[in-house]
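A short write-up of the structure that comes next.
Numbering starts at 1 and runs along the sequence shown.
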Amino acid sequence: MKKYFLLLSFLLTEFIAAQAQHFPDTTREFRGVWVATTKRIDYPSKATTDANFLRAEYLKLLERFKNAGYNAVVFQVRPAADAFYKSKYEPWSEWLTGKQGRAPSPDFDPLTFMVDKTHEKNMEFHAWFNPFRAVATIQYADVCADHISKKRPEWFFTYGGSKYFDPGIPEVRDYLIKILVDVVTRYDIDGVHFDDYFYPYPVVGNDKKIIEINDDKTFQKYKGNFTNKADWRRNNINIFMRDAYKAIKDVKPWIKFGVGPAGVWRNKREDPEGSETNSLSGYDYLYADVLTWLKNGWIDYAAPQIYWNINHQYNKFENVVKWWNNHSYGRNIYIGLGAYNQETNADGWGDVNEIPNQIFITRKYPNVQGVIVYRSTTIMKNPMSMVQNVKNKCFSKEVMMPIMSWIENRPTAPETEMIKSNKQYFIYWQKDNNQKLPAADTAIFYSIYRVKGKNPNFKPSAKNFLKFTDNCDLRLFTKGKAPFRKKVYYTYKITSFNRYHVESEPSKPIIIKYSKKDRIE
């Protein structure tokens, strides 16, 4: 019997610890969804010029994401030197309207619409670019006459049936940064995002050897002091990442610059600093030295694509998460989750709790501050009730974005007052329209906190968080059927958030007395 109670006590302790781990006392976590447009993987479901169809389909996605507990959309706006937005540099994407260069009708800019509607849901919109892919499938692509690959053919090499910008050419890097700056300048996006494609993934020939990339002429012309082509290629990407970060921040400092690299930087067999894995490494095959970008502060976040299940034979999920946690170098890490595997019930993915358990694991590591799920179609299909499972176990509370301390500026606390009007009671505050403040520092939305009783000294936290709002008022109660048997008090505080998602100090407390005739909102 004594052993039984000891075992019960141990299990109870473990359960409580697990709950604390799985539901941390935090109001911040990045919960993103990748929406792929290459070959219409996720959006749109069919090629069309119909603006109304395109609007309705995005709203359907957005509503699903919001209801599922996500707070960010990472949308592929430039899949292959083409655009899901109005551009004077590159044509409309064939994967949007069915023919490259053909515009939606009537006059419609999908990116403006998507950003506005995403913000209405208090969600972030990160514009996902494939910087170096120019033509995804040469054999089938409908490349229009004014596509950059036809205007400047010397900028490209062909590899594995696709056409790529050559990163070793300085003019290429300048052109791609011009594309980024154009979007950052004209659209109210929250982030710029690259995926894992830099130099292309290796292709194996009939002789079972990796086919070489044809960039010998570029190497000879621009190699400088480099004698090793692999090091030179990595340096080309490093220069591009450094310059892209600076160009984005020069226009809008609050824009977050992130990348979704391959899940493995390097394997330990290749480098003592590498991870205990056995997979293609981004450093050696894509020439993407993510650690250099993190160390030098050239990206604000990395979202490694850890698309393996928890018990993968060679790349155990937690081992890889832990490695990235230990190599964040002060930047944010968001883990890319391969939820699409549950659509096919692939080997090791048959557990209905696989994705919730992966999220629980990410929360064990302090430098991991969120996840991005690939892909949005999986959320729409909802295999094994994944959406409800994740929402109930992991995303039951709305949260804010993680802090990026290296770019934060603190907004001012709202000045609040109580107003009674037509038997309704409001807390009201004035929107900060101080023209002397930089655009990044003005308030864009607010957080409401509430505790029961008279408690003017309470500290806002996840436990007393009520809701987010972009309004400047909060209806408290109306006269009607009362939930109270006696008079009760509630204390409220309001905070504001700027474009960096930095929270202000709380407002002065407002204490409300609810009577028997009041209905709380």
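More than 12 non-hydrogen atoms from other residues, nucleotides or ligands lie less than 6.0 angstrom from NZ of K150. Atom CG of D231 has more than 12 heavy atoms from other residues, nucleotides or ligands within 6.0 Å. Crowding of E415 atom CD: a count of heavy atoms from other residues, nucleotides or ligands under 6.0 Å not exceeding 12.
Ring pair F194/F240 is parallel by interplanar angle, where below 30° counts as parallel and above 60° as perpendicular. Classification of the H327-W323 ring pair by plane angle, with boundaries at 30° and 60°, yields parallel. Using cut-offs of 30° and 60° for the angle between ring planes, the F165 and F156 rings count as tilted. Under the 30°/60° scheme for interplanar angles, the aromatic rings of Y199 and Y287 are found to stand perpendicular.
Formation of a donor-acceptor pair under 3.5 Å by the R363 side chain with backbone atoms of C394 is found in this model. Using a distance-only test at 3.5 Å, with no hydrogens or angles considered, no donor-acceptor pair links the side chain of D196 to the main chain of A262.
Of the candidates F75, F65, Y58, Y58 is the only one forming a side-chain contact (heavy atoms from CB on, under 4.5 Å) with T118. The ring-ring contact (aromatic ring centres under 6.0 Å, His included) test with H126 is passed by exactly one of F30, F257, Y187: F30.
Between D182 and K88 there is no salt bridge, since no side-chain nitrogen of the basic residue lies less than 4.0 Å from a carboxylate oxygen of the acidic one. K86 has a carboxylate O that lies under 4.0 Å from a charged side-chain N of D107, or vice versa, which qualifies the two as a salt bridge. Ionic pairing of R31 and E124 is not present here: no N-O contact between side-chain nitrogen and carboxylate oxygen is shorter than 4.0 angstrom.
Taking the ring axis of F84 as reference, the NZ or CZ atom of R78 does not stay both within 45° of it and closer than 6.0 Å to the ring centre. Figure legend: R55 and F108 shown as a cation-pi pair, the cationic atom lying under 6.0 angstrom from the six-membered ring centre and within 45 degrees of its axis.
Under the salt bridge (charged side-chain N to carboxylate O under 4.0 Å, His left out) criterion, E318 pairs with K364, not counting sequence neighbours.
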Derivation of the ring pair (Phe, Tyr, Trp, His ring centres under 6.0 Å) call for Y307 and Y340: CA-CA 9 Å; Y307 290 170; Y340 67 94; 5.6 Å; yes

